[in-house]
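Taking it in order: structure first as structure tokens, then the write-up.
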Amino acid sequence: MRAAEASFLGSQTNRIDAKGRIAVPADFRRALDLKSFNGFFCIPSLEGAFLDCGGTDYITSLKASISALDPFDPDRRALEVTILGRAKAISLDSEGRFVLPEPFRQHAMLEDKAFFIGIGDTFQIWRAQEAEDTVENQTERARAALMRLKNPSHHANGGGV
């Protein structure tokens with residue numbers, strides 16, 4: 001788990017310029033370890049039309065999780081192919097901008113704006129037009145989950161006291 005100052009927090013919408021460049025939010029650049037790699041890693045999400053992204057620790061963690069599976073498990077092979085096989089190292093220019101490969105832009109349906117949302121150890125890139133609806137849809141579920149965080153014993157006992 002990342003320390004608070006190295007976490008990806010908050011959200012921001014950035015324009016995609018005519019050359020297809022997008023600027024990583026400054027707070028996210030500070031959270032990346034740009035000394036070891038001047039960029040981030042990006043994977044088309046298996047959960048929806050967005051991109052899962054993070055620093056070198058993100059890829060290291062994914063590799064370790066997948067490697068924990070039996071080497072002959074077909075699920076391991078599926079994860080290696082669809083996650084590690086599609087992961088891309090995305091380099092930043094001197095102004096913190098990057099260009100996504102076209103298949104990544106198509107997967108996330110990115111057009112003129114990209115919405116960055118920090119989720120702690122990683123961040124996601126969404127199509128800006130859908131991001132607001134997605135965040136709103138998650139809010140109700142988050143309210144219910146917050147209740148479980150506030151009173152975990154209540155839910156662990158099947159709802160009784």
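Below, each value reflects all heavy atoms present in this structure, side chains not excepted, and no hydrogens, waters or symmetry copies.
A distance of 5.0 Å separates CG of Asn38 from CG of Leu92, quoted to the nearest 0.5 Å. With rounding to the nearest 0.5 Å, the separation of CG in Asn14 from CZ in Arg97 is 12.0 Å. Note that the CG atom of Asp70 and the CZ atom of Arg77 stand 11.5 Å from one another [nearest 0.5 Å].
The main-chain N or O of Leu100 is never found under 3.5 Å from a side-chain atom of Arg105 such that the two would form a donor-acceptor pair. Without hydrogens or angle criteria, Thr122 side chain to Gly118 main chain gives no donor-acceptor distance under 3.5 Å. Under a 3.5 Å cut-off, the side chain of His107 and the backbone N or O of Glu102 do not form any donor-acceptor pair.
In the hydrophobic clustering of ILVMFWY residues, with side-chain heavy atoms under 4.5 Å counting as a link, Phe37 and Leu84 come out together. Put simply, Ile43 and Leu46 are part of the same group of oily side chains (I, L, V, M, F, W, Y) that touch within less than 4.5 Å, one to the next.
In terms of heavy atoms, Leu34 sits closest to Gly39 at CD2-N, 3.6 Å.
Residues Phe8 and Leu32 meet the side-chain proximity criterion, which asks for heavy atoms closer than 4.5 Å.
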Enumerate donor-acceptor pairs with a distance under 3.5 Å from any side-chain N or O in residues 49-58 to protein atoms, sequence neighbours excluded.
unit_1	atom_1	unit_2	atom_2	d
Asp52	OD1	Gln124	NE2	3.1
Asp52	OD2	Ser45	OG	3.3
Asp57	OD1	Arg2	NH2	2.8
Asp57	OD2	Arg2	NE	3.1
Asp57	OD2	Arg2	NH2	3.3

Result block: side-chain N/O donor-acceptor pairs under 3.5 angstrom for residues 19-31, not counting sequence neighbours:
unit_1	atom_1	unit_2	atom_2	d
Arg21	NE	Asp17	OD2	2.7
Arg21	NH2	Asp17	OD2	2.9
Asp27	OD1	Arg30	NH2	2.2
Arg29	NH1	Val24	O	2.4

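Centroid-to-centroid, the aromatic rings of Phe40 and Phe98 come within less than 6.0 Å.
Asn137 and Thr134 form no side-chain donor-acceptor contact under 3.5 Å, judged by distance and modelled atom types alone.
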